[in-house]
Number of protein chains: 2
Amino acid sequence: MSNQPIPSVQIRPLLERYGLRATRQRLGLAKLLFSKGDRHITADVLAAEAHESRIFASLATVYNVLNLFAEVGLVRSFTLEGGKTIFDTNTTDHCHFYFEDSGEITDVMVKGGKLADHFEPPEGYEIAKVDVVVRLQRKSAESKA
Amino acid sequence: MSNQPIPSVQIRPLLERYGLRATRQRLGLAKLLFSKGDRHITADVLAAEAHESRIFASLATVYNVLNLFAEVGLVRSFTLEGGKTIFDTNTTDHCHFYFEDSGEITDVMVKGGKLADHFEPPEGYEIAKVDVVVRLQRKSAESKA
DNA sequence: CTGTGTGCAAACTCTTTGCATAAGT
DNA sequence: ACTTATGCAAAGAGTTTGCACACAG
């Protein structure tokens, strides 16, 4: 509850624009999330990072904040096989490469048009979200598992 | 451990073809999985169905069997947002519609070419799997959540 | 018979929740 | 001040695991 004074870059106005109260941990977590380019991060990793940066936020709070950010649209979340939830600071229309060997995740932009345009929703429904994860494995290794 | 005699349709040879020992619960679960067309099912639902059909298999065994089937390629598995693992008896190249209101899942066949062909894997990697889940919501309801 | 599969319950991981306290406007 | 957020620990869901017993080949 006694974090170091946070240099509130553009973070505070960002939170306010989304109608969120600028608390210490939200400011700190948002700074970690948005000050290093696009990130794909789990709650526990962000919590660990925060701790290293002397931004004290419990894991529960990290989850609360990330879920809140996802609700308002500051980040996007998706779930990996295995059940881990990834929070992605890139909220644009894109797919993901998942490197099975390293666990790394990278963005893949879509070429032709919006992702959702490739699908025709059934009558009465509209597309809320399209999650695409392309799982990659090393070539040389056994290619057939 | 004393299930009713299972009418081993084509199931037994199917298992044997995949190098799997034809145990009672594998036969029974496979029958449930493959005798009703394509299915999208979770372990606990399959376990419940099995119990109704007097095919006694513990939840742990259902998980073991489903994971085994997925390993050898009898079924495909993917994870939904929320972390639930779905086992899909359709092992062809396809995407999924997920109906947020009902929880139902349906297959969406791909139009132009293989799914994996839409992505160019980085040097040294090959595509192991492409998971596409299109989440659908009712049109009339609040479209912006 | 020999090895493998199964059942059960406990362990495990990831995530959410309840309640008292602390912080934000 | 008044309201909302946080911390902690416990609960919760989903899945895996260890070990003794049962079954398949």
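Below, chain A is the first sequence line, B the second, and so on; all start at residue 1. Just so you know, these numbers use all the heavy atoms, side chains as well, and skip hydrogens, waters and symmetry mates.
- The existence of a salt bridge linking A/Lys129 and B/Glu81 is confirmed by a sub-4.0 Å separation between a basic side-chain nitrogen and an acidic carboxylate oxygen.
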Trace of the salt bridge (Lys or Arg N to Asp or Glu O under 4.0 Å) decision for B/Glu126 with A/Lys139
CA-CA 5 Å; B/Glu126 62 189 351; A/Lys139 237 178 189 168; over 6 Å; no
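- The phosphate of D/dG7 has OP1 or OP2 within less than 4.0 Å of a side-chain N or O from A/Gln25.
- For A/Lys84 and D/dT16, the NZ to P distance is 12 Å, given to the nearest whole Å.
- Atom NE2 in A/His51 sits roughly 13 Å away from atom C1' in D/dG7 (whole-Å rounding).
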Mind running side-chain contact (heavy atoms from CB on, under 4.5 Å) on A/Val133 and B/Val132 for me, showing each step along the way?
CA-CA 7 Å; A/Val133 177; B/Val132 180; over 6 Å; no
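- A heavy atom closer than 4.0 Å to some atom of DNA chain D occurs in B/Leu59, B/Ala60, B/Tyr63, B/Asn64, these being the qualifying members of residues 58-66 of chain B.
- Rounded to whole Å, the distance from CZ on B/Phe56 to P on D/dA22 is 17 Å.
- Donor-acceptor pairing under 3.5 Å is recorded for the side chains of A/Asp101 and B/Tyr125.
- Rounding to whole angstrom units, CG of residue B/Leu68 and P of C/dT4 are separated by 13 Å.
- Phosphate contact (OP1/OP2 of C/dT15, side-chain N/O of A/Asn67, threshold under 4.0 Å): absent.
- At most 12 heavy atoms of other shown residues, nucleotides or ligands fall within 6.0 angstrom of atom CD in A/Glu120.
- If you measure from atom CZ of B/Phe78 to atom P of D/dT15, you get 12 Å, rounded to the nearest angstrom.
- Listed nucleotides: D/dG25, D/dT6, C/dC14. Nearest to the side chain of B/Arg21: D/dG25.
- Rounding to whole angstrom units, CG of residue A/Leu20 and P of D/dT4 are separated by 13 Å.
- A straight line from CG of A/Leu46 to C1' of C/dC14 spans 15 Å, rounded to a whole angstrom.
- Side-chain nitrogen and oxygen atoms of A/Thr85 include none within less than 4.0 Å of the OP1 or OP2 phosphate oxygen of C/dC14.
- Of the side-chain N and O atoms in B/Arg24, none sit less than 4.0 angstrom from OP1 or OP2 of C/dG5.
- For C/dT4, the OP1/OP2 oxygens have no side-chain nitrogen or oxygen of B/Thr23 closer than 4.0 Å.
- Residue A/Glu81 contributes atom CD, which lies 13 Å from atom C1' of D/dT15 at whole-angstrom precision.
- In this structure, A/Phe69 has its ring center no closer than 6.0 Å to that of A/Phe87.
- Nearest-nucleotide positions on DNA chain D for B/Glu16 and B/Thr42 put B/Thr42 closer to the 5' end.
- Across all strands shown, A/Ala22 has heavy atoms under 4.0 Å from sugar-phosphate atoms exclusively, and none from any base.
- Between B/Phe78 and B/His96, the two ring planes are parallel [angle under 30°; tilted spans 30° to 60°].
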